[in-house]
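Step one of this worksheet: look at the structure below.
Numbers here are sequence positions counted from 1. Excluded from the calculations below are hydrogen atoms, water molecules and symmetry mates; all remaining heavy atoms, backbone and side chain alike, are included.
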Amino acid sequence: MDLNSPLFDCVRTRPRCEEAVAASALSACAQPGCALAGPYRAPQGRGREGKYFHFCLEHVRAYNASYNYFKDMPDEAVVAYQKADLYGHRPTWRMGVNGPAADAAERLYGAFGDTAVHDPFGLFGRRGFSREAREAKPAQPRIGNAARKALDTLGLDPGVDKAVMKARYKELVKRLHPDANGGDRSREDQLRMIINAYNYLRTAGLV
């Protein structure tokens, strides 16, 4: 073990840690033409997570005021990011449809038999959650509150056919677009709501 490794600088002794912090505070402000020190960090942006600019107080405030993580990101990508952020950008699945868990349930039944396993709610694979059931019956998309709100924005009811959704979306866009209204842009906000709602439904797999 190398006791002089820099990995121990902020763990082993307090003076070295304070020196490291002081050294970072001496970084020059990243704003062109600014000669002040840059002790304040600001994120560099999407695609460069974990990397920071160093600014003085005045310029870090100006940078943060105009910072937009989603700049130049398509609307559907923003909706997908916000949806994934609800569960920490980790993979999720409905209870009982996780492949490895269902396969383990099949091995359980194979080892002990149907009569030996008391499963009144069908949580272990014999009542619609087995591999055969998953392959035979495609999963139906779940209609959540956000999807219901998006459908309501389009003037549609839950359970409507995908073809009807597409036709309704095209109809509304054509009706509200400025080009179809002699250049009148007074309904652009409503048009934007229609587009965002449809993009969400498409991201959710409902269109």
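A side chain to side chain contact (heavy atoms under 4.5 Å, CB included) with Leu172 holds for exactly one of Lys170, Lys174, Arg168; it is Arg168.
Residues Leu154 and Leu201 are in side-chain contact: their nearest non-hydrogen atoms beyond the backbone lie under 4.5 Å apart. Asp75 is listed as a side-chain neighbour of Asn196, based on a closest heavy-atom distance under 4.5 Å.
Residues Pro158 and Leu151 approach most closely at CA-CD1, 3.7 Å, considering heavy atoms. Closest non-hydrogen pair, Lys162 versus Gly205, comes out as NZ-O, 4.1 Å. Scanning all heavy atoms of the two residues, the minimum distance from Cys34 to Cys56 falls at SG-SG, 3.9 Å. In plain terms, the two heavy atoms of His59 and Cys29 that are nearest each other are ND1-SG, 3.5 Å.
Tyr200 meets the ring-ring contact (aromatic ring centres under 6.0 Å, His included) test with no other residue; sequence neighbours excluded.
Within the model, atoms CG of Leu176 and CD of Glu171 stand 9.5 Å from one another, a figure rounded to the nearest 0.5 Å. Distance CD/Glu49 to CD/Gln44: 10.5 Å, rounded to 0.5 Å. Atoms CD1 and NE2, on Ile194 and His177 in that order, are 13.5 Å from each other to the nearest 0.5 Å. Rounded to the nearest 0.5 angstrom, Glu58 CD and Leu36 CG are separated by 8.0 Å. In this structure, CG on Leu191 lies 11.5 Å from CZ on Arg175, to the nearest 0.5 angstrom.
By the 4.5 Å side-chain criterion applied to Ile, Leu, Val, Met, Phe, Trp and Tyr, Met193 is assigned to no cluster and stands alone. Residue Val78 shares its hydrophobic cluster (ILVMFWY side chains chained together at separations under 4.5 Å) with Tyr40, Phe53, Phe55, Leu57, Val60, Tyr63, Tyr67, Tyr69, Phe70, Met73, Tyr81.
Around CZ of Arg46, the count of heavy atoms belonging to other residues, nucleotides or ligands within 6.0 Å exceeds 12. Taking a 6.0 Å sphere around CG of Asp161, one finds it holds more than 12 heavy atoms contributed by other residues, nucleotides or ligands.
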**Report entry** Residues Arg192, Asp189; criterion salt bridge (Lys or Arg N to Asp or Glu O under 4.0 Å); working and verdict
**Finding:** CA-CA 5 Å; Arg192 190 175 296 108; Asp189 289 341; 3.0 Å; yes
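Of the N and O atoms on the side chains of Arg202 and Asn199, at least one donor lies less than 3.5 Å from an acceptor on the other residue.
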